[in-house]
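Input: a single structure, listed below in structure tokens.
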2 protein chains.
Amino acid sequence: MVSQAEENYLKALFHLTSDIPEKTEAGTNELADMLDVTPATANNMLKKLKEKGWVSYEKYGKISLTDKGRVLAVEIIRKHRLWETFLYEKLNFTWDEVHEVAEQLEHIQSVKLVQQLEKFLDFPEIDPHGDPIPNEKGEIRFIKRKTLAEIEESKTCKLVAVKDNSSSFLQYVVKLGLGLSSKIKVLGRREFDGSMEIEVNKVRSSISKKVAQNLLVV
Amino acid sequence: MVSQAEENYLKALFHLTSDIPEKTEAGTNELADMLDVTPATANNMLKKLKEKGWVSYEKYGKISLTDKGRVLAVEIIRKHRLWETFLYEKLNFTWDEVHEVAEQLEHIQSVKLVQQLEKFLDFPEIDPHGDPIPNEKGEIRFIKRKTLAEIEESKTCKLVAVKDNSSSFLQYVVKLGLGLSSKIKVLGRREFDGSMEIEVNKVRSSISKKVAQNLLVV
DNA sequence: TATATTTGTTAGACATGCCTAACTAAATTA
DNA sequence: TAATTTAGTTAGGCATGTCTAACAAATATA
Ligand SMILES: [Mn+2]
Ligand SMILES: [Mn+2]
Ligand SMILES: [Mn+2]
Ligand SMILES: [Mn+2]
């Protein structure tokens, strides 16, 4: 049995240790931060997760998921992204509305439900934010992407995903005229703060470095 | 805020005090029984529900829902039955599989989700077990029904709902050749145990009184 | 009506998951 | 390397929701 709280920790650990290939370990504070709990709380849960064999760590050491833990985490992410896709494709939700509800739906336990949902959606490959949906075996079709902040001046690229799933960020992205598959031309960059001038559908905008780092492009 | 546990108590109380028109009050043991908890646990929760203004009862007295409590309960039942319909209609679940998963899905909090789900299902009136689905205002289209046990000998009736939602019962019902809208002819009844001889699609079966009391007909 | 049975309540305990405050170890900086 | 800062841990407490055991009230039965 995996409780909802435990599932949330496993999912957070997966994001902290697998989303960026170079970063394969996490710390207590970082984890606590992502889950909006205190480090004491995270530490306490880590002991339980270790006890259950889902996490490996030693006192004052770095945290990582075991193979078992990773399997569980991927299952939850799979459900999360399938539900987001369902809400977006079938129930008229916008991409800034899906995440919050999927945070609840991802905890529903039923193998058949997930299988049938995937079939009903015709085996989608990416969710409304451009993130890959793991298949039933837990395999993730990894897509090589850069952040917009890494794109050189005068080059044009295509938005394929967003890192930040918060509704405020997504609404701002829409305001910039952007959506998945949008073409973005990098006009220029101010070196002292990393902010960028971009052009989308002939409309120019200035965006901060932080924003550029949350837009994933190819 | 209504917790999942609280929602389950409200729903159980609704079934105990509104499903049968003559029975408008419930007792602690009865409630505990329905929720598979001890009477002590139910008693403890009742105090909290009373405190929140959802339940009215006095020590050693009978329990009933307040108007506020009833509104909450109907919302949960509405969600439960919409999800059951979704699973049945869209995701290839059988009627004996839907209840268990709906027990989880009914607790998802999102007004938009329920509205859109209902629209997606084209405003269904009954769930896979023949039970009416409350509308957004909380109105329930009440259907007058009898149990098969009340039908006289040699009369024919139509199955419109099942009282017991357990998968074992529903599978047995299917084995009898029955489904919603099936025609049932009452051939005879043994007085000493209330068991009945019935005919469905030219197949005769003998069923216990208990079973007959869980089949709702018109 | 006295007794037995059923129904409901209270007290005390426990697991889960969270907190704050105090502390310790590790890493950084002077 | 010593001092400071950051990261991580421990102790103790609390809310929720559950339990068992003991008890009290209400109801049914003799
Ligand atoms: Mn999301
Ligand atoms: Mn997503
Ligand atoms: Mn049901
Ligand atoms: Mn039903």
Side-chain angles (χ1 to χ4, degrees), chain A residues 1-13 15-17 20 22-65 69 72-73 76 103-104 106-109, chain B residues 1-13 15-17 23-65 69 72-73 76 103-104 106-109:
Chain A
M1 250 289 81
V2 197
S3 73
Q4 291 206 187
E6 288 168 342
E7 290 195 338
N8 287 334
Y9 281 89
L10 293 173
K11 187 171 56 134
L13 280 172
H15 287 309
L16 287 171
T17 62
I20 299 153
E22 308 85 55
K23 191 172 172 301
T24 60
E25 294 176 319
T28 306
N29 289 4
E30 202 182 12
L31 175 61
D33 232 60
M34 177 166 281
L35 290 164
D36 262 309
V37 295
T38 61
T41 300
N43 180 265
N44 186 51
M45 180 60 95
L46 279 169
K47 288 178 187 164
K48 289 181 207 163
L49 297 177
K50 188 194 170 175
E51 197 52 47
K52 295 205 176 189
W54 298 329
V55 150
S56 77
Y57 98 116
E58 298 303 325
K59 219 203 246 188
Y60 293 106
K62 286 296 176 185
I63 311 158
S64 61
L65 289 171
L72 290 173
I76 300 155
E103 286 288 303
Q104 299 176 61
E106 71 189 7
H107 301 294
I108 304 292
Q109 311 265 282
Chain B
M1 251 292 75
V2 197
S3 71
Q4 289 205 188
E6 286 168 344
E7 290 194 340
N8 287 334
Y9 281 89
L10 292 173
K11 187 172 56 136
L13 280 171
H15 287 310
L16 288 170
T17 62
K23 190 169 171 305
T24 60
E25 293 176 320
T28 305
N29 288 5
E30 201 181 14
L31 176 61
D33 232 61
M34 178 167 281
L35 290 164
D36 262 308
V37 294
T38 61
T41 300
N43 180 266
N44 186 50
M45 180 60 95
L46 279 169
K47 287 178 188 166
K48 290 180 205 165
L49 296 176
K50 189 195 169 175
E51 197 52 46
K52 296 207 178 191
W54 298 330
V55 149
S56 77
Y57 98 116
E58 300 302 327
K59 219 203 243 189
Y60 292 106
K62 285 296 174 185
I63 311 159
S64 62
L65 288 171
L72 290 173
I76 301 155
E103 286 287 303
Q104 300 176 61
E106 72 190 5
H107 301 293
I108 304 291
Q109 310 266 279

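Chain identifiers are assigned alphabetically (A, B, ...) following the order of the sequence lines, protein sequences preceding nucleic acid strands; residue numbering begins at 1 within each chain. Quick note: numbers below take in every heavy atom, side chains included, and nothing from hydrogens, waters or symmetry partners.
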Specify the separation, in whole Å, of atom [atom1] of [X] and atom [atom2] of [N].
X	N	atom1	atom2	answer
B/M45	D/dC19	CE	P	11 Å
B/L31	C/dG8	CG	P	10 Å
B/N44	D/dT18	CG	C1'	9 Å
B/E30	C/dT7	CD	C1'	11 Å
A/Y60	C/dA25	OH	P	6 Å
A/E51	C/dT16	CD	P	11 Å
A/L49	C/dG17	CG	C1'	12 Å
A/K62	D/dA7	NZ	C1'	8 Å

TODO: With DNA chain D as reference, determine whether B/T41 or B/K48 sits nearer its 5' end, using the nearest nucleotide of each.
DONE: B/K48

- [ ] Scan B/A40 against the nucleic acid and name what it touches under 4.0 Å (heavy atoms): base, sugar-phosphate only, or nothing.
- [x] base

Open item on the list: Any base atoms under 4.0 Å from A/T28, or only sugar-phosphate, or nothing? Heavy atoms, all strands.
Closed with: sugar-phosphate

When rounded to the nearest 0.5 angstrom, what is the spacing between [atom1] in [X] and [atom2] in [Y]?
X	Y	atom1	atom2	answer
B/K62	B/S56	NZ	OG	13.0 Å
A/L16	A/I63	CG	CD1	8.5 Å
B/T41	B/D36	OG1	CG	11.0 Å

TODO: Decide, yes or no, whether a salt bridge links B/E103 with B/K11 under the criterion of side-chain N to carboxylate O below 4.0 Å.
DONE: yes

Taking OP1 and OP2 of [N], is either one under 4.0 Å from a side-chain nitrogen or oxygen of [X]?
X	N	answer
B/Y9	D/dT18	yes
B/S3	D/dT16	no
A/K59	C/dT24	no
B/N43	C/dG8	no
A/K47	D/dT10	yes

TODO: Return the nearest nucleotide to the side chain of B/T38; candidates are D/dG8, D/dT20, C/dT9.
DONE: D/dT20

Open item on the list: Please identify which of these residues, A/L46, A/L49, A/V2, A/L65, meets the side chain to side chain contact (heavy atoms under 4.5 Å, CB included) condition with A/Y9.
Closed with: A/L49

